[in-house]
K.L.:
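Below: one structure in structure tokens.
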Amino acid sequence: MECLEANKEKKIVFLRNNLIEWGKTNYAAFPWRETNNKWHALVAEIMLQRTNAEQVVPVYESFVESYPSPKEFLFERNTNIFQSLGLHWREAQLRSLAREIYNLGYIPEDKNSLLKLPGVGDYIAAAFRSFHLNIRDVIIDSNVVRLYGRYFGFETDPETRRKKWLKELAAEVTPYINHKEFNYALLDFTRNICKPQPQHKECLLRNLCCFAIDNNDSKY
DNA sequence: TTCCTGCGTA
DNA sequence: TACGCGGGAA
């Protein structure tokens, strides 16, 4: 934990600037990142939970084609769209979400209202706000926890993401300007570089990363 | 075998 | 706070 407190401010600035810079040339243009349809944006978030983004692409494209709004989706009883993605209960959950949005007549923007929507938790609410409403918010998923753990130097487990101190750290790191670019870079960087089997040689954070420093390994 | 933009429930 | 969910890809 010494590694975390040492030069903390410097490390935060370094992390922000380098991730945003890295993102400029490594941004993944997934179709749900380009859409202006907020319904589709939420659908994508549901499809993406614990699911490989590459696998979601064809399923999402097909969905967008068939259901431009909650109304069309609600018109069909059972679409089996999650057949190839697993976690099949998400269809029923998505149906509840569609019903709720249809009844409301709009998709809310404030955090509390979003969190009341079925299937929308801390992560999806934050991602939706930052990516599709351009409202600065803090995203924390399993990959983000892994990166922060390695970079700042602390052990993580499946419950770490819900700890208050982790949320405070993530909030401190997430910039107010360019929050969207930073958050996208965070997702792309943890998927391609700081992944479970990390690509240390390609990591632009390694000079200040506790994982590399603590392992005192010249090969990094 | 592990992992994938988590969530609701108990 | 802990647990179940799931097919598909690496």
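Just so it is clear, the values below take in all heavy atoms, side chains as well, and ignore hydrogens, waters and symmetry mates. Residue numbers start from 1 in every chain, and the chains themselves are labelled A, B, ... in the order their sequence lines are given, proteins ahead of strands.
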K.L.:
Given atom CG of A:Leu87 and atom P of B:dG8, what is their separation to the nearest angstrom?
P.N.:
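That distance rounds to 13 Å.
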
K.L.:
Using the P atom as the point on both nucleotides, what is the distance between C:dG8 and B:dC7, in whole Å?
P.N.:
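23 Å, rounded to whole Å.
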
K.L.:
In whole angstrom, give the distance that lies between atom CZ of A:Arg95 and atom P of B:dC7.
P.N.:
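For the pair A:Arg95 CZ and B:dC7 P, the rounded distance is 20 Å.
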
K.L.:
Using atom CD1 of A:Ile124 as one end and atom C1' of B:dT5 as the other, report the distance to the nearest whole Å.
P.N.:
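Going from CD1 in A:Ile124 over to C1' in B:dT5 covers 9 Å.
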
K.L.:
Taking OP1 and OP2 of B:dG6, is either one under 4.0 Å from a side-chain nitrogen or oxygen of A:Ser142?
P.N.:
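Yes, A:Ser142 has a side-chain N/O under 4.0 Å of OP1/OP2 on B:dG6.
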
K.L.:
Contact class for A:Ser84 (heavy atom, under 4.0 Å): base, sugar-phosphate, or nothing?
P.N.:
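Sugar-phosphate contact only - A:Ser84 comes under 4.0 Å of backbone atoms but never of a base.
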
K.L.:
Go through B:dC4, B:dG6, B:dG8 for me and flag the one nearest to the A:Arg162 side chain.
P.N.:
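For A:Arg162, the side-chain atoms sit closest to B:dG8.
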
K.L.:
In whole angstrom, give the distance that lies between atom CG of A:Leu117 and atom P of B:dG6.
P.N.:
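Those two atoms, CG and P, are 19 Å apart.
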
K.L.:
Could you pull out the closest heavy-atom pair between A:Phe189 and A:Cys203, with the gap in Å?
P.N.:
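Reported closest heavy-atom pair: CZ-SG, 3.7 Å.
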
K.L.:
A:Tyr123 has an atom OH; how far is it from atom P of B:dC4, in whole Å?
P.N.:
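Value for this atom pair: 12 Å.
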
K.L.:
Between B:dC3 and A:Asn52, is there an OP1 or OP2 to side-chain N/O distance shorter than 4.0 Å?
P.N.:
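No, outside the criterion.
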
K.L.:
Is A:Glu159 salt-bridged to A:Lys163, cutoff N-O under 4.0 Å?
P.N.:
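Answer for the salt bridge query: no.
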
K.L.:
Of all nucleotides in DNA chain C with an atom under 4.0 Å from a non-hydrogen atom of chain A, which is the first and which the last going 5' to 3'?
P.N.:
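From 5' to 3', the first and last contacting nucleotides are C:dT1 to C:dG8.
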
K.L.:
If you look at every strand shown and take non-hydrogen atoms under 4.0 Å, does A:Ile46 touch a base, only sugar-phosphate, or nothing?
P.N.:
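No contact.
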
K.L.:
Identify the residue among A:Trp32, A:Tyr67, A:Phe82 that makes a ring pair (Phe, Tyr, Trp, His ring centres under 6.0 Å) with A:Tyr60.
P.N.:
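Output: one option passes, namely A:Trp32.
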
K.L.:
Taking atom P in both C:dG4 and B:dT5, what distance in whole Å separates the two?
P.N.:
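About 22 Å, rounded to a whole number of Å.
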
K.L.:
Could you say whether A:Pro118 or A:Arg191 is positioned toward the 5' end of DNA chain B, judged by the nucleotide with the nearest heavy atom to each?
P.N.:
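Counting from the 5' end, the first nearest nucleotide belongs to A:Arg191.
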
K.L.:
In whole Å, I'd like the distance from the CG atom of A:Leu115 to the C1' atom of B:dC7.
P.N.:
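About 12 Å, once rounded to whole Å.
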
K.L.:
Can A:Asp137 and A:Lys111 be counted as an ion pair, charged N to O under 4.0 angstrom?
P.N.:
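Yes.
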
K.L.:
Classify the ring geometry between A:Phe154 and A:Trp165 as parallel (under 30°), tilted (30 to 60°) or perpendicular (over 60°).
P.N.:
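Plane angle over 60°, so perpendicular.
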
K.L.:
If you assign each of A:Gln93 and A:Arg33 to its closest nucleotide in DNA chain B, which residue comes earlier from the 5' end?
P.N.:
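Upstream on the strand: A:Arg33.
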
K.L.:
Nearest 0.5 Å please: distance from the OG atom of A:Ser96 over to the CZ atom of A:Arg99.
P.N.:
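Between A:Ser96 OG and A:Arg99 CZ, I get 9.5 Å after rounding to 0.5 Å.
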
K.L.:
Does CZ belonging to A:Phe14 count more than 12 external heavy atoms closer than 6.0 Å?
P.N.:
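Yes - once you tally the heavy atoms of other residues, nucleotides and ligands closer than 6.0 Å, there are more than 12.
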
K.L.:
What's the shortest heavy-atom distance between A:Ser130 and A:Asn183, and which atoms?
P.N.:
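Taking A:Ser130 first and A:Asn183 second, the nearest heavy atoms are OG-ND2, 2.9 Å.
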
K.L.:
Scan A:Val120 against the nucleic acid and name what it touches under 4.0 Å (heavy atoms): base, sugar-phosphate only, or nothing.
P.N.:
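Counting heavy atoms under 4.0 Å across all strands, the contact made by A:Val120 is with sugar-phosphate only.
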
K.L.:
When the distance from CD1 of A:Ile193 to P of B:dT5 is rounded to whole Å, what number comes out?
P.N.:
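From A:Ile193 CD1 to B:dT5 P: 14 Å.
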
K.L.:
Mind calculating the distance between CZ (A:Arg90) and C1' (B:dT5) to the nearest angstrom?
P.N.:
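Value for this atom pair: 11 Å.
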
